[in-house]
Participant: 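The structure follows.
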Amino acid sequence: MSHVYIEKISAHEDQTVTLKGWIYNIRSSGKIHFLQLRDGTAIIQCVMGKNDVSEEIFESAKRLTQESSVEVTGVVRKDTRSALGYELHATGLKILHISEEYPITPKEHGTAFLMDHRHLWIRSRRQHAILRIRAEIIRAIRDYLDDNDFLLVDSPIFTPAACEGTSTLFETAYFSQKAYLTQSGQLYNEANAMAFGKVYCFGPTFRAEKSKTRRHLTEFWMVEPEVAFLELDGLMDLTESFVRYIVTRVLQNRQTELKEIERDTTQLEKITQPFPRLDYGEAVRQLHALGSDIVYGDDFGADDETMLTKQYETPILVNRYPAAIKAFYMKGDPAATDRALCVDMLAPEGYGEIIGGGQRQDDFATLLAAVHAHGLPQESMDWYLDLRRYGSVPHAGFGLGVERTVAWICGLPHVRETIPYPRMLEKLVP
RNA sequence: UCCGACAUAGCUCAGUGGUAGAGCAGGCGACUGUUAAUCGCCUGGUCGUAGGUUCAAGUCCUACUGUCGGAGCCA
């Protein structure tokens with residue numbers, strides 16, 4: 001009897017097959033058992049009538065508990081009563097392990113309890129759907145970049161210094177020195193772009209921010225493309241095309257999962273329209289018209305971001321923020337000296353910033369002054385300054401936060417469900 | 001770090017200063033089409049911790065711990 005996966009069951013209609021998995025739920029009417037079997041790919045109902053199997057097997061099925069591991073043999077039948085479209089009419093059952101009392105019951109649970117049992121929670125239907133969508137998003141990210149001639153060049157996790165604010169670094173012992181977990185691959189990416197032209201890095205990044213919000217993790221995944229000879233307008237084109245591709249791929253390949261989590265996909269289908277581009281000054285004017293008390297020159301608060309994005313059905317590209325509130329490596333706007341050539345993509349429906357990026361400072365003297373102005377040690381930045389000594393060119397790049405993107409596409413209230421094992425403030429287990 | 005709420009059975013929650021409760025899970029039993037199955041019976045408690053007020057505290061007060069939500073910061 002061949003072992004098949006439930007996901008591929010339609011190819012085996014009317015055949016006898018063996019399924020291997022775990023009991024998701026069991027119901028019985030005395031002379032007929034209904035086993036909900038999950039094998040990691042999907043869930044199928046196995047029907048076991050008293051007359052279809054031996055007395056011994058029928059009796060043994062009564063011992064099954066939630067999450068017990070089994071092998072079920074039977075005939076695949078089409079059945080309209082099943083959500084999957086197929087059922088297995090069982091002819092055999094092999095019990096591998098009877099599960100102890102399983103903590104996650106079919107009824108409701110609180111978030112704290114579920115997070116403490118995250119290693120078991122990921123067996124649930126909803127978590128399956130979310131993590132499959134995450135995997136699709138990651139595949140779409142890689143496919144887009146690989147197919148558009150970006151070269152994957154990895155950046156290190158251990159770094160000697162900060163590239164964002166120094167207050168949010170995780171410090172670790174590194175033999176006789178201190179090392180910090182990377183907050184961004186950005187600085188290395190710029191060196192890689194000078195070497196290869198179009199590059200990206202993709203991996204986990206770490207920020208020791210004491211943030212307790214629905215949008216923050218201390219460990220999160222970020223994809224960061226960086227391109228030589230690219231300027232701000234071209235960068236905005238790139239972010240728009242990139243995000244549109246990701247959403248389209250999820251809509252194409254993960255309809256079942258979107259339905260499972262009850263995502264309203266009409267919102268996602270609107271991303272085919274162009275993304276509005278707002279200059280920072282224009283964004284502030286709009287916010288004032290909407291009743292915000294934001295001061296020109298300040299960064300947007302959470303309320304401002306939500307208020308602004310609710311005006312639009314697609315993500316928006318807010319560009320040219322005040323240079324004073326942006327990182328030291330941003331290039332200034334020649335048309336307005338107090339502004340930086342940067343862009344943030346704000347997702348709709350109040351999901352906030354999913355992309356931050358910009359054109360990098362390519363002038364040696366200006367960058368050196370910025371390093372000093374930010375109080376950064378020049379010796380640890382010397383290699384980065386070299387990029388402006390040896391064939392400096394205009395270049396730009398951005399970072400997209402994977403978990404925020406997953407949260408937006410899935411319509412989730414919190415990023416903690418978008419990653420298998422979220423790392424949050426004081427949260428390290430499991 | 002700041003502001004707010006909450007902490008009762010394995011889980012989700014009721015509990016009006018006066019005898020500790022329900023649903024789910026678990027155990028036993030019934031049921032040949034169930035879909036978070038249903039029905040009957042049973043098991044299950046240091047009411048977060050430490051103090052205090054009171055004849056009497058799960059309930060009121062204080063501190064601590066933990067969790068959740070929000071702010072700032074950011075992707």
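Chain letters run A, B, ... following the sequence lines, proteins first and then strands; every chain starts at 1.
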Participant: Once you round it to whole Å, what is the distance between C1' of B:C68 and CZ of A:Arg416?
Facilitator: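 In whole Å, B:C68 C1' and A:Arg416 CZ are 8 Å from each other.
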Participant: Rounded to whole angstrom units, what separation is found between the NZ atom of A:Lys31 and the C1' atom of B:G29?
Facilitator: 13 Å
Participant: When you check the gap from the basic side-chain N to the acidic O, do A:Asp79 and A:Arg77 get nearer than 4.0 Å?
Facilitator: no
Participant: When all nucleic acid strands are considered with a 4.0 Å heavy-atom cut-off, which category describes A:Gln66: base, sugar-phosphate, or nothing?
Facilitator: nothing
Participant: Does B:U65 have a Watson-Crick or wobble partner in any strand here, with both distances under 3.5 angstrom, and which is it?
Facilitator: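 Base-paired to B:A7.
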Participant: Could you check how far CG of A:Leu114 sits from C1' of B:U12, rounded to whole Å?
Facilitator: 11 Å
Participant: Under 4.0 Å, counting only non-hydrogen atoms across every strand here, what does A:Gly356 touch: a base, just sugar-phosphate, or nothing?
Facilitator: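 Sugar-phosphate: the residue A:Gly356, judged by heavy atoms under 4.0 Å, touches backbone atoms but no base.
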Participant: Please work out if A:His117 contacts a base, only the sugar-phosphate, or nothing of the nucleic acid, heavy-atom cut-off 4.0 Å.
Facilitator: nothing
Participant: Taking atom C1' in both B:C73 and B:C47, what distance in whole Å separates the two?
Facilitator: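 Taking atom C1' in both B:C73 and B:C47, they lie 39 Å apart.
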Participant: In the strands shown, is B:G58 matched to any nucleotide by a Watson-Crick or G-U wobble pair with both distances under 3.5 Å, and which?
Facilitator: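 Paired with B:G58, as far as the under-3.5 Å criterion goes, is no nucleotide at all.
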Participant: Between B:C61 and B:C6, how far apart are the two P atoms, rounded to whole Å?
Facilitator: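 It comes out at 11 Å once rounded to the nearest Å.
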Participant: Taking 4.0 angstrom as the limit, do A:Glu417 and A:Arg118 come out as a salt bridge?
Facilitator: no
Participant: With heavy atoms under 4.0 Å as the rule, sort A:Phe34 into base, sugar-phosphate or nothing.
Facilitator: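 Base, at least one base heavy atom under 4.0 Å.
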Participant: Looking only at side-chain atoms of A:Thr213, point me to the closest of B:A75, B:C73, B:G33.
Facilitator: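 That would be B:C73.
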Participant: I want to verify a distance call: between B:U34, B:G27, B:U67, whose nearest atom is closest to the A:Glu87 side chain?
Facilitator: B:U34
Participant: Find the distance A:Leu217:CG to B:C74:C1' and express it as a whole number of Å.
Facilitator: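 Rounding to the nearest Å, CG of A:Leu217 and C1' of B:C74 are 12 Å apart.
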Participant: Given that both distances must come in under 3.5 Å, which nucleotide forms a Watson-Crick or G-U wobble pair with B:G29?
Facilitator: B:C39
Participant: To the nearest Å, give me how far apart CD1 (A:Ile104) and P (B:C11) are.
Facilitator: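 Atom-to-atom, A:Ile104 to B:C11, this comes out as 12 Å.
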Participant: Mind calculating the distance between CD (A:Glu67) and C1' (B:G26) to the nearest angstrom?
Facilitator: 16 Å
Participant: Using a strict cut-off of less than 4.0 Å between a Lys/Arg side-chain nitrogen and an Asp/Glu carboxylate oxygen, indicate whether A:Asp39 and A:Lys8 qualify as a salt bridge.
Facilitator: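 Looking at A:Lys8 together with A:Asp39, the answer is no, because their closest N to O distance does not fall below 4.0 Å.
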Participant: State whether a side-chain donor-acceptor pair under 3.5 Å links A:Glu224 with A:Ser184.
Facilitator: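 Per modelled atom types, A:Glu224 and A:Ser184 side chains form a pair under 3.5 Å.
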Participant: What I want to check is whether an N or O donor and acceptor connect the side chain of A:Glu101 with the base of B:G27 at under 3.5 Å.
Facilitator: no
Participant: What's the CZ-P distance between A:Arg215 and B:A75, to the nearest Å?
Facilitator: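 Distance, rounded to whole Å: 12 Å.
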Participant: Counting only Watson-Crick pairs (N1-N3 plus N6-O4 or O6-N4) and G-U wobbles (N1-O2, O6-N3), all under 3.5 Å, who is the partner of B:U1?
Facilitator: B:A71
Participant: Paired with B:U53 by Watson-Crick or G-U wobble geometry, both distances under 3.5 Å: which nucleotide is it?
Facilitator: none
Participant: Are any of the side-chain nitrogens in A:Lys198 or A:Glu226 under 4.0 Å away from the carboxylate oxygens of its partner?
Facilitator: no
Participant: Of the nucleotides B:C68, B:U32, B:A36, which has the atom closest to the A:Arg27 side chain?
Facilitator: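 Of the candidates, B:A36 comes closest.
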Participant: Between A:Asn51 and A:Glu353, which is nearer to the 5' end of RNA chain B once each is assigned its nearest nucleotide?
Facilitator: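 With A:Glu353 and A:Asn51 compared, the 5'-side residue is A:Asn51.
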Participant: Is A:Gly352 touching bases, backbone alone, or none of the nucleic acid, heavy atoms closer than 4.0 Å?
Facilitator: nothing
Participant: Mind checking if A:Ala302 touches a base, just sugar-phosphate, or nothing, with heavy atoms under 4.0 Å?
Facilitator: sugar-phosphate
Participant: Strictly below 4.0 Å, N to O, side chains only: are A:Glu231 and A:Lys331 in salt-bridge contact?
Facilitator: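 No, no charged N to carboxylate O under 4.0 Å.
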Participant: Where the side chain of A:Arg404 is concerned, which of B:C31, B:C74, B:G33 is the nearest nucleotide?
Facilitator: B:C74
Participant: Now, which nucleotide makes the Watson-Crick or G-U wobble pair with B:G21, with each of the two distances under 3.5 Å?
Facilitator: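 Across any shown strand, B:G21 pairs with B:C13.
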Participant: Would you kindly check whether a donor in the side chain of A:His109 faces an acceptor in the base of B:C11, or vice versa, at under 3.5 angstrom?
Facilitator: no
Participant: Centre of A:Phe220's six-membered ring, under 6.0 Å away, within 45 degrees of the axis: is that where NZ or CZ of A:Arg404 sits?
Facilitator: no
Participant: Regarding A:Ser28, tell me which of base, sugar-phosphate or nothing describes its non-hydrogen contacts under 4.0 Å with the strands shown.
Facilitator: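 Base contact.
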Participant: A:Leu64 CG to B:A25 P: how many Å, rounded?
Facilitator: 16 Å
Participant: When you check the phosphate oxygens OP1 and OP2 of B:U32, does a side-chain N or O of A:Lys50 lie under 4.0 Å from one of them?
Facilitator: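 No.
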